[in-house]
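First, the structure itself, so that you have it in front of you.
On a predicted model such as this, the values are computed, not experimentally measured, just so you know. All chains are named by letter (A, B, ...) in the order of the sequence lines, taking the proteins before the strands, and each is independently numbered beginning at 1.
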Amino acid sequence: MFSLATWNVNSVRTRLEHLKRWLKLRAPDTVCLQETKATDEEFPYGEIEALGYHAVHAGGKGRNGVAIVSKEEPQNVTIGFPGMDDPEAHERLIAATIRGVRVHSVYIPNGGSVGSDYFLYKLEFIYRLREYLEAHFDPARDLVALCGDFNVAPEEIDVYDPELLAGQLCFHERERTALKLLADWGLFDTYRLKHPDERGAFTWWDYQFGAFKANRGMRLDHIWVTKPLAERLEDVFIDREPRGWKRPSDHTPVVAVFDL
DNA sequence: ATGACTGGAGTTTCCAGA
């Protein structure tokens with residue numbers, strides 16, 4: 001068995017006790033982190049290694065930042081889009097081979113506001129992901145996992161009020177269409193493979209307005225995998241527990257379990 | 001009641017997040 005998780009921790013230093021508690025609680029084989037908001041120097045390698053995990057990290061000062069934390073040592077680590085000149089991607093994408101799976105931890109840009117330059121960069125980032133996947137992998141053969149905060153809710157059932165949120169950031173038609181390019185290449189949304197019609201299954205809730213208590217959230221965090229990996233998917237669940245802890249991240253972990 | 005949250009940078013207020 002191989003359990004693979006993703007969690008936007010919203011600052012790895014502020015959330016270090018939560019991360020340690022959750023690693024002990026669920027003992028995932030591998031967890032992809034986003035929004036570490038730390039430089040490599042600030043990243044708490046020692047505390048994570050003390051729990052029996054390896055860690056690889058790529059981040060920036062006070063913003064962005066991605067990591068892969070794993071019981072097995074990550075091999076052949078790459079940061080950003082290899083061969084593409086995109087400095088921001090160096091804080092948003094890290095990949096490594098673990099248990100024969102090419103694991104990616106990705107933090108897709110938030111996009112600022114719909115129609116802004118930053119929104120266009122968000123779309124472009126997703127297009128680059130597609131180009132990167134095409135250039136490096138065969139979706140019919142390779143074990144590839146794209147894990148992270150996609151900052152997009154793919155379908156109407158992935159938001160608490162699709163009419164209210166239509167055209168809004170993270171649920172805009174252009175973002176959802178861009179995500180379909182990843183699915184069309186050959187990635188499967190593991191959560192929907194196991195829970196195709198479930199409503200109210202969210203991974204992010206606004207800190208404001210009592211959103212978590214009222215379950216007004218969105219499913220923005222995903223584990224998408226190629227077919228040979230999807231065929232080995234045993235289970236996938238959203239772990240709401242850490243979102244209820246004191247001073248939580250606004251995101252909660254997603255865990256997929258594979259027969260590997 | 002017209003607000004209501006959080007983290008980080010770097011000053012005590014701003015920006016970004018989604």
Side-chain angles (χ1 to χ4, degrees), chain A residues 6-20 32-44 57-67 87-93 105-126 147-179 191 200-222 238 240 242-254:
Chain A
T6 188
W7 190 10
N8 178 326
V9 290
N10 189 14
S11 174
V12 72
R13 287 172 290 166
T14 298
R15 223 68 63 202
L16 183 58
E17 292 310 310
H18 282 202
L19 176 61
K20 289 161 64 179
C32 297
L33 304 178
Q34 300 85 38
E35 278 208 272
T36 60
K37 294 187 175 179
T39 61
D40 287 343
E41 291 72 28
E42 294 164 333
F43 190 82
H57 173 257
K61 193 167 181 60
R63 61 173 191 206
N64 305 330
V66 286
E88 191 163 333
H90 285 243
E91 302 176 2
R92 295 186 174 276
L93 179 64
S105 180
V106 66
Y107 177 44
I108 292 178
N110 165 275
S113 58
V114 172
S116 66
D117 287 349
Y118 196 38
F119 183 76
L120 297 179
Y121 177 71
K122 177 180 192 175
L123 298 175
E124 194 177 313
F125 191 95
I126 300 171
C147 313
D149 177 0
F150 290 18
N151 265 318
V152 183
E155 303 292 343
E156 295 204 335
I157 57 172
D158 295 317
V159 298
Y160 68 94
D161 188 338
E163 286 184 25
L164 178 72
L165 296 171
Q168 302 285 314
L169 193 70
C170 301
F171 188 56
H172 194 279
E173 200 58 43
R174 294 182 71 183
E175 297 164 77
R176 295 163 62 197
T177 300
L179 269 204
Y191 197 81
F202 306 134
T203 65
W204 170 86
W205 300 262
D206 201 311
Y207 282 124
Q208 303 180 73
F209 320 120
F212 180 57
K213 197 174 177 188
N215 197 31
R216 288 191 292 263
M218 297 196 259
R219 195 171 67 93
L220 303 180
D221 301 270
H222 304 287
I238 296 166
R240 291 195 182 213
R243 187 61 177 80
W245 293 343
K246 191 178 176 188
R247 289 194 77 196
S249 168
D250 45 355
H251 297 252
T252 214
V254 183

On DNA chain B, more 5' by nearest nucleotide between A:C170 and A:P248 is A:P248
A:R247 side-chain proximity, nearest of B:dA4, B:dA18, B:dG7: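 Per side-chain heavy atoms of A:R247, the pick is B:dG7.
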| query | Do A:S113 and A:L169 touch side chain to side chain, with heavy atoms closer than 4.5 Å? | reply |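 Of all side-chain heavy-atom pairs linking A:L169 with A:S113, none is under 4.5 Å.
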| request: Select base, sugar-phosphate, or nothing to describe what A:D149 touches, counting heavy atoms under 4.0 Å on all strands. | output: sugar-phosphate
*NA contact type, A:E35, heavy-atom cut-off 4.0 Å: base, sugar-phosphate, or nothing?*
sugar-phosphate
- For A:N8, answer base if it contacts any base atom (sugar-phosphate contacts may also be present), sugar-phosphate if it contacts only those atoms, and nothing otherwise; contact means non-hydrogen atoms under 4.0 Å. sugar-phosphate
- Can you check whether any acceptor in the base of B:dA18 is under 3.5 Å from a donor in the side chain of A:N110, or vice versa? yes
Checking all strands, does A:F150 fall into the base, sugar-phosphate, or nothing category for heavy-atom contacts under 4.0 angstrom?
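Counting heavy atoms under 4.0 Å across all strands, no contact is made by A:F150.
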Practice prompt. Determine: side-chain N/O of A:Y107 to OP1/OP2 of B:dA16, distance under 4.0 Å, yes or no.
Written response: no
Between the protein and nucleotides 8-12 of chain B, are there any N/O to N/O pairs under 3.5 Å, and if so, what are the atom names and distances?
unit_1: B:dG8; atom_1: OP1; unit_2: A:S11; atom_2: OG; d: 2.1
unit_1: B:dG8; atom_1: OP1; unit_2: A:T14; atom_2: OG1; d: 3.3
unit_1: B:dG8; atom_1: OP2; unit_2: A:T14; atom_2: OG1; d: 2.8
unit_1: B:dA9; atom_1: OP1; unit_2: A:G62; atom_2: N; d: 3.3

Comparing nearest nucleotides in DNA chain B, the 5'-proximal residue of the pair A:Y207, A:M218 is A:Y207
Establish, with yes or no, whether the OP1 or OP2 oxygen of B:dA18 is under 4.0 angstrom from a side-chain nitrogen or oxygen of A:H251.
-> yes
Sugar-phosphate, base or nothing in reach of A:R216, heavy atoms under 4.0 Å | nothing
Discussion item. So, does A:R15 get its side chain near the phosphate of B:dG7, meaning an N or O under 4.0 Å from OP1 or OP2?
Written reply: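 Checking A:R15 against B:dG7: at least one side-chain N or O falls below 4.0 Å of OP1 or OP2.
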